[in-house]
Amino acid sequence: MKIIKILGVSVMALGLTSCVSKKQYDALSSNYKQCIENIGERQREIQDLKSQNSALSGENNLLKSQHDALKSSLDACLSNTGKSSANIDKLVGEINASNSYIKQLISNNAKNDSLNMALSNKLKRSLDNVADDDVQVKVLKGVVMISLSDKMLYKTGDYNVLPAAQEVLGKVAKVINDYDKYSVLIEGNTDNAALSSPNLPRDNWDLSALRGTAVAKVLQTQFGVDPARMTAGGRSEYNPKATNMSVSGRAENRRTEIIIMPKLDEFMKLMDITPKK
(Lines give C-alpha, C1' and ligand atoms only; values in the text may rest on other atoms or scores of the structure.)
Protein backbone atom coordinates (compact mmCIF):
# COMPACT_ATOMS: atom_id res chain seq x y z
CA MET A 1 0.00 0.00 0.00
CA LYS A 2 2.89 2.31 0.83
CA ILE A 3 4.48 1.64 -2.55
CA ILE A 4 1.18 2.38 -4.34
CA LYS A 5 0.83 5.69 -2.50
CA ILE A 6 4.37 6.64 -3.41
CA LEU A 7 3.76 5.70 -7.06
CA GLY A 8 0.56 7.77 -7.07
CA VAL A 9 2.33 10.81 -5.71
CA SER A 10 5.16 10.30 -8.16
CA VAL A 11 2.79 10.02 -11.16
CA MET A 12 0.91 13.18 -10.09
CA ALA A 13 4.21 14.94 -9.72
CA LEU A 14 5.30 13.86 -13.19
CA GLY A 15 2.06 15.22 -14.61
CA LEU A 16 2.60 18.58 -12.97
CA THR A 17 6.16 19.23 -14.08
CA SER A 18 5.24 22.79 -14.97
CA CYS A 19 4.37 23.48 -11.30
CA VAL A 20 7.60 22.28 -9.73
CA SER A 21 11.29 23.01 -10.15
CA LYS A 22 13.52 20.79 -12.26
CA LYS A 23 15.29 19.63 -9.09
CA GLN A 24 11.98 18.56 -7.55
CA TYR A 25 10.92 16.89 -10.80
CA ASP A 26 14.20 14.94 -11.03
CA ALA A 27 13.85 13.79 -7.42
CA LEU A 28 10.28 12.61 -7.98
CA SER A 29 11.27 10.89 -11.22
CA SER A 30 14.14 9.08 -9.48
CA ASN A 31 11.78 8.05 -6.65
CA TYR A 32 9.28 6.71 -9.20
CA LYS A 33 11.94 4.60 -10.98
CA GLN A 34 13.17 3.19 -7.64
CA CYS A 35 9.61 2.18 -6.74
CA ILE A 36 9.24 0.36 -10.07
CA GLU A 37 12.51 -1.52 -9.44
CA ASN A 38 11.41 -2.41 -5.89
CA ILE A 39 8.12 -3.81 -7.22
CA GLY A 40 10.05 -5.98 -9.70
CA GLU A 41 12.24 -7.36 -6.92
CA ARG A 42 9.22 -8.12 -4.71
CA GLN A 43 7.52 -9.92 -7.60
CA ARG A 44 10.60 -12.10 -8.15
CA GLU A 45 10.69 -12.96 -4.44
CA ILE A 46 6.97 -13.84 -4.55
CA GLN A 47 7.56 -16.24 -7.45
CA ASP A 48 10.46 -17.88 -5.55
CA LEU A 49 8.26 -18.30 -2.47
CA LYS A 50 5.44 -19.77 -4.58
CA SER A 51 7.84 -22.35 -6.02
CA GLN A 52 9.10 -23.19 -2.54
CA ASN A 53 5.53 -23.56 -1.23
CA SER A 54 4.61 -25.87 -4.11
CA ALA A 55 7.59 -28.14 -3.39
CA LEU A 56 6.80 -28.26 0.34
CA SER A 57 3.15 -29.08 -0.40
CA GLY A 58 4.25 -32.06 -2.48
CA GLU A 59 6.50 -33.33 0.31
CA ASN A 60 3.73 -32.83 2.86
CA ASN A 61 1.24 -34.82 0.77
CA LEU A 62 3.73 -37.69 0.45
CA LEU A 63 4.34 -37.74 4.18
CA LYS A 64 0.60 -37.69 4.86
CA SER A 65 0.13 -40.69 2.55
CA GLN A 66 2.83 -42.61 4.42
CA HIS A 67 1.20 -41.74 7.72
CA ASP A 68 -2.23 -42.88 6.49
CA ALA A 69 -0.75 -46.17 5.27
CA LEU A 70 0.77 -46.83 8.69
CA LYS A 71 -2.49 -45.95 10.41
CA SER A 72 -4.38 -48.36 8.13
CA SER A 73 -1.93 -51.09 9.06
CA LEU A 74 -2.56 -50.40 12.73
CA ASP A 75 -6.36 -50.51 12.25
CA ALA A 76 -6.10 -53.83 10.42
CA CYS A 77 -3.90 -55.18 13.19
CA LEU A 78 -6.38 -54.11 15.88
CA SER A 79 -9.28 -55.76 14.01
CA ASN A 80 -7.44 -59.05 13.82
CA THR A 81 -7.89 -60.62 17.25
CA GLY A 82 -5.62 -63.50 16.32
CA LYS A 83 -2.49 -61.30 16.53
CA SER A 84 -0.64 -60.93 19.75
CA SER A 85 -0.56 -57.74 21.76
CA ALA A 86 3.23 -57.77 21.46
CA ASN A 87 2.97 -57.24 17.70
CA ILE A 88 0.44 -54.46 18.26
CA ASP A 89 2.76 -52.74 20.71
CA LYS A 90 5.61 -53.04 18.24
CA LEU A 91 3.53 -51.53 15.44
CA VAL A 92 2.37 -48.66 17.67
CA GLY A 93 5.99 -47.98 18.56
CA GLU A 94 6.95 -47.91 14.87
CA ILE A 95 4.13 -45.48 14.09
CA ASN A 96 5.15 -43.18 16.94
CA ALA A 97 8.76 -43.30 15.81
CA SER A 98 7.70 -42.60 12.24
CA ASN A 99 5.57 -39.64 13.29
CA SER A 100 8.46 -38.23 15.30
CA TYR A 101 10.79 -38.66 12.33
CA ILE A 102 8.32 -37.00 9.95
CA LYS A 103 7.95 -33.97 12.23
CA GLN A 104 11.69 -33.62 12.64
CA LEU A 105 12.30 -34.05 8.91
CA ILE A 106 9.73 -31.37 8.07
CA SER A 107 11.31 -29.05 10.63
CA ASN A 108 14.80 -29.60 9.20
CA ASN A 109 13.58 -29.16 5.62
CA ALA A 110 11.76 -25.94 6.51
CA LYS A 111 14.84 -24.59 8.27
CA ASN A 112 17.10 -25.50 5.36
CA ASP A 113 14.68 -23.98 2.81
CA SER A 114 14.48 -20.76 4.83
CA LEU A 115 18.26 -20.49 4.98
CA ASN A 116 18.56 -21.15 1.25
CA MET A 117 15.95 -18.53 0.43
CA ALA A 118 17.68 -15.96 2.64
CA LEU A 119 21.02 -16.79 1.01
CA SER A 120 19.50 -16.51 -2.47
CA ASN A 121 17.86 -13.15 -1.74
CA LYS A 122 21.11 -11.81 -0.33
CA LEU A 123 22.96 -12.86 -3.50
CA LYS A 124 20.30 -11.30 -5.75
CA ARG A 125 20.51 -7.99 -3.89
CA SER A 126 24.32 -8.08 -4.02
CA LEU A 127 24.32 -8.80 -7.79
CA ASP A 128 21.41 -6.50 -8.65
CA ASN A 129 23.56 -4.33 -10.95
CA VAL A 130 24.76 -7.30 -13.04
CA ALA A 131 22.95 -8.21 -16.28
CA ASP A 132 20.50 -11.13 -15.95
CA ASP A 133 22.06 -12.96 -18.90
CA ASP A 134 25.45 -12.90 -17.14
CA VAL A 135 24.37 -14.04 -13.66
CA GLN A 136 21.34 -16.11 -12.59
CA VAL A 137 20.57 -17.14 -8.99
CA LYS A 138 18.08 -19.91 -8.20
CA VAL A 139 17.05 -22.14 -5.30
CA LEU A 140 16.74 -25.62 -6.78
CA LYS A 141 16.25 -28.95 -4.98
CA GLY A 142 17.54 -27.70 -1.64
CA VAL A 143 20.62 -25.87 -2.95
CA VAL A 144 21.43 -22.33 -4.13
CA MET A 145 22.74 -22.28 -7.70
CA ILE A 146 24.62 -19.34 -9.25
CA SER A 147 25.06 -19.59 -13.03
CA LEU A 148 27.77 -17.34 -14.56
CA SER A 149 28.09 -16.79 -18.32
CA ASP A 150 31.39 -17.64 -20.02
CA LYS A 151 31.61 -14.26 -21.81
CA MET A 152 31.74 -12.50 -18.45
CA LEU A 153 34.40 -14.84 -17.04
CA TYR A 154 36.73 -15.84 -19.88
CA LYS A 155 37.93 -15.18 -23.41
CA THR A 156 36.66 -17.61 -26.07
CA GLY A 157 38.28 -21.03 -25.65
CA ASP A 158 40.30 -19.83 -22.64
CA TYR A 159 40.07 -20.65 -18.94
CA ASN A 160 41.85 -17.70 -17.30
CA VAL A 161 39.38 -15.54 -15.37
CA LEU A 162 39.09 -12.01 -16.79
CA PRO A 163 39.88 -9.05 -14.48
CA ALA A 164 36.39 -7.65 -15.22
CA ALA A 165 34.85 -10.69 -13.47
CA GLN A 166 36.62 -9.98 -10.18
CA GLU A 167 33.86 -7.68 -8.90
CA VAL A 168 31.12 -10.28 -9.41
CA LEU A 169 33.20 -13.10 -7.91
CA GLY A 170 34.04 -10.87 -4.97
CA LYS A 171 30.35 -10.34 -4.21
CA VAL A 172 29.67 -14.07 -4.48
CA ALA A 173 32.65 -14.81 -2.20
CA LYS A 174 31.34 -12.36 0.40
CA VAL A 175 28.08 -14.33 0.70
CA ILE A 176 29.93 -17.67 0.68
CA ASN A 177 32.13 -16.49 3.54
CA ASP A 178 29.09 -15.24 5.48
CA TYR A 179 27.47 -18.70 5.20
CA ASP A 180 30.53 -20.64 6.36
CA LYS A 181 28.58 -23.80 7.26
CA TYR A 182 27.85 -24.51 3.59
CA SER A 183 29.92 -26.40 1.01
CA VAL A 184 30.66 -24.98 -2.45
CA LEU A 185 30.66 -26.97 -5.71
CA ILE A 186 32.05 -25.24 -8.82
CA GLU A 187 31.26 -26.81 -12.21
CA GLY A 188 32.48 -25.74 -15.64
CA ASN A 189 30.22 -26.47 -18.63
CA THR A 190 30.67 -26.09 -22.40
CA ASP A 191 28.61 -26.33 -25.57
CA ASN A 192 29.18 -29.18 -28.03
CA ALA A 193 31.46 -27.26 -30.39
CA ALA A 194 34.52 -29.48 -30.89
CA LEU A 195 37.79 -28.32 -29.38
CA SER A 196 40.97 -30.11 -30.44
CA SER A 197 44.47 -28.95 -29.51
CA PRO A 198 47.81 -30.57 -28.59
CA ASN A 199 48.07 -28.07 -25.72
CA LEU A 200 45.78 -27.35 -22.78
CA PRO A 201 42.87 -27.19 -23.06
CA ARG A 202 42.91 -30.16 -25.42
CA ASP A 203 39.13 -30.69 -25.55
CA ASN A 204 35.88 -29.67 -23.86
CA TRP A 205 36.58 -31.91 -20.88
CA ASP A 206 39.82 -30.05 -20.22
CA LEU A 207 38.24 -26.65 -20.84
CA SER A 208 35.31 -27.20 -18.48
CA ALA A 209 37.48 -28.62 -15.69
CA LEU A 210 40.11 -25.88 -16.02
CA ARG A 211 37.41 -23.20 -15.90
CA GLY A 212 35.91 -24.69 -12.75
CA THR A 213 39.26 -24.84 -10.97
CA ALA A 214 40.21 -21.34 -12.19
CA VAL A 215 37.14 -19.85 -10.49
CA ALA A 216 37.88 -21.86 -7.32
CA LYS A 217 41.43 -20.48 -7.24
CA VAL A 218 40.20 -16.90 -7.59
CA LEU A 219 37.71 -17.37 -4.75
CA GLN A 220 40.51 -18.82 -2.59
CA THR A 221 43.44 -16.53 -3.40
CA GLN A 222 41.65 -13.25 -4.05
CA PHE A 223 38.73 -13.41 -1.63
CA GLY A 224 39.73 -15.82 1.14
CA VAL A 225 37.20 -18.63 0.62
CA ASP A 226 38.38 -21.69 2.54
CA PRO A 227 39.58 -24.23 -0.09
CA ALA A 228 38.50 -27.09 2.17
CA ARG A 229 34.90 -26.05 1.51
CA MET A 230 35.22 -26.12 -2.28
CA THR A 231 35.04 -28.87 -4.90
CA ALA A 232 35.81 -27.91 -8.51
CA GLY A 233 35.46 -29.83 -11.75
CA GLY A 234 33.96 -29.89 -15.23
CA ARG A 235 31.04 -31.55 -17.01
CA SER A 236 32.12 -30.79 -20.57
CA GLU A 237 29.17 -30.63 -23.00
CA TYR A 238 27.16 -33.35 -21.23
CA ASN A 239 25.00 -31.24 -18.90
CA PRO A 240 23.29 -28.82 -21.33
CA LYS A 241 20.58 -26.41 -20.18
CA ALA A 242 19.40 -25.58 -23.70
CA THR A 243 19.68 -26.86 -27.24
CA ASN A 244 23.04 -26.54 -28.99
CA MET A 245 21.22 -25.95 -32.28
CA SER A 246 20.98 -22.19 -31.69
CA VAL A 247 23.49 -19.45 -30.87
CA SER A 248 21.59 -18.44 -27.72
CA GLY A 249 21.33 -22.08 -26.60
CA ARG A 250 25.06 -22.67 -26.99
CA ALA A 251 25.77 -19.45 -25.08
CA GLU A 252 23.54 -20.64 -22.21
CA ASN A 253 25.35 -23.99 -22.10
CA ARG A 254 28.78 -22.34 -21.86
CA ARG A 255 28.48 -21.49 -18.19
CA THR A 256 30.18 -21.96 -14.85
CA GLU A 257 27.92 -22.86 -11.95
CA ILE A 258 28.65 -22.20 -8.28
CA ILE A 259 26.41 -24.42 -6.13
CA ILE A 260 26.09 -23.60 -2.42
CA MET A 261 24.68 -26.45 -0.35
CA PRO A 262 24.64 -27.91 3.19
CA LYS A 263 27.78 -29.83 4.11
CA LEU A 264 27.77 -33.62 3.94
CA ASP A 265 27.77 -33.98 7.72
CA GLU A 266 24.48 -32.04 7.86
CA PHE A 267 22.91 -34.67 5.59
CA MET A 268 24.37 -37.38 7.83
CA LYS A 269 22.61 -35.83 10.81
CA LEU A 270 19.32 -36.35 8.99
CA MET A 271 20.30 -39.98 8.48
CA ASP A 272 20.83 -40.36 12.21
CA ILE A 273 17.20 -39.47 13.00
CA THR A 274 15.74 -42.24 10.86
CA PRO A 275 13.44 -44.44 12.98
CA LYS A 276 15.16 -47.51 14.34
CA LYS A 277 13.84 -50.89 13.24
Side-chain angles (χ1 to χ4, degrees), residues 112 115-140 142-191 193 195 197-239 241 251-267:
N112 187 56
L115 287 171
N116 284 341
M117 189 59 65
L119 193 160
S120 173
N121 289 337
K122 187 171 183 178
L123 277 167
K124 288 178 180 178
R125 288 192 295 271
S126 178
L127 300 169
D128 189 54
N129 63 332
V130 184
D132 289 341
D133 58 346
D134 284 335
V135 179
Q136 296 181 5
V137 180
K138 295 181 179 179
V139 176
L140 185 64
V143 302
V144 177
M145 182 176 294
I146 310 161
S147 184
L148 306 174
S149 69
D150 75 319
K151 66 184 177 67
M152 181 187 70
L153 291 173
Y154 328 95
K155 294 180 179 178
T156 301
D158 193 17
Y159 58 88
N160 293 298
V161 178
L162 294 171
Q166 297 284 329
E167 180 182 358
V168 170
L169 291 179
K171 291 179 178 179
V172 173
K174 173 65 168 58
V175 176
I176 290 175
N177 286 330
D178 287 345
Y179 287 79
D180 58 356
K181 301 301 182 184
Y182 280 61
S183 291
V184 181
L185 175 62
I186 305 168
E187 293 182 347
N189 294 268
T190 69
D191 58 24
L195 178 65
S197 170
N199 303 313
L200 288 176
R202 292 181 294 265
D203 52 30
N204 282 333
W205 274 116
D206 280 351
L207 180 60
S208 63
L210 288 168
R211 285 182 168 183
T213 54
V215 170
K217 289 176 182 177
V218 170
L219 294 176
Q220 175 189 353
T221 60
Q222 299 297 321
F223 303 108
V225 176
D226 182 0
R229 297 173 56 197
M230 293 190 288
T231 302
R235 303 190 69 174
S236 188
E237 65 196 68
Y238 302 108
N239 185 36
K241 291 180 66 178
E252 189 173 357
N253 290 334
R254 296 190 303 269
R255 68 199 186 278
T256 297
E257 292 180 337
I258 300 176
I259 303 167
I260 306 173
M261 55 190 176
K263 291 183 178 180
L264 182 60
D265 57 355
E266 295 298 322
F267 286 116

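Bear in mind that the values here come from a model prediction, so they are computed numbers and not experimental data.
Counting only heavy atoms from C-beta outward, the side chains of Arg229 and Asn177 approach each other to under 4.5 Å. With contacts defined as side-chain heavy-atom distances shorter than 4.5 Å, the pair Met152/Val135 qualifies. Side-chain atoms of Arg255 and Asn239, non-hydrogen and from C-beta on, do get closer than 4.5 Å to each other. Between Ile176 and Ile258, the closest side-chain pair of non-hydrogen atoms falls below 4.5 Å.
Checked by atom type and distance alone, the side chain of Arg202 never pairs as donor or acceptor with a backbone atom of Leu207 at under 3.5 Å. Judged by distance alone, the side chain of Thr190 and the main-chain N or O of Ser236 form a donor-acceptor pair under 3.5 Å.
Side-chain contact of Asn189 with Ser208: a donor-acceptor pair under 3.5 Å is absent, judged by distance alone.
Nearest heavy-atom pair across Ala193 and Asp191 is N-OD1, 3.0 Å.
Under a cut-off of 6.0 angstrom, the local environment of NZ in Lys217 is sparse, with at most 12 non-hydrogen atoms contributed by other residues, nucleotides or ligands.
Once rounded to the nearest 0.5 Å, the distance linking CG of Leu169 with CG of Leu162 reads 10.5 Å.
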- From CA spacing to verdict: side chain to side chain contact (heavy atoms under 4.5 Å, CB included), Ile146, Ile260: CA-CA 8 Å; Ile146 310 161; Ile260 306 173; 3.9 Å; yes

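Checking each of Ile186, Thr213, Val215 against Met230 for a side chain to side chain contact (heavy atoms under 4.5 Å, CB included) leaves exactly one that passes, namely Ile186.
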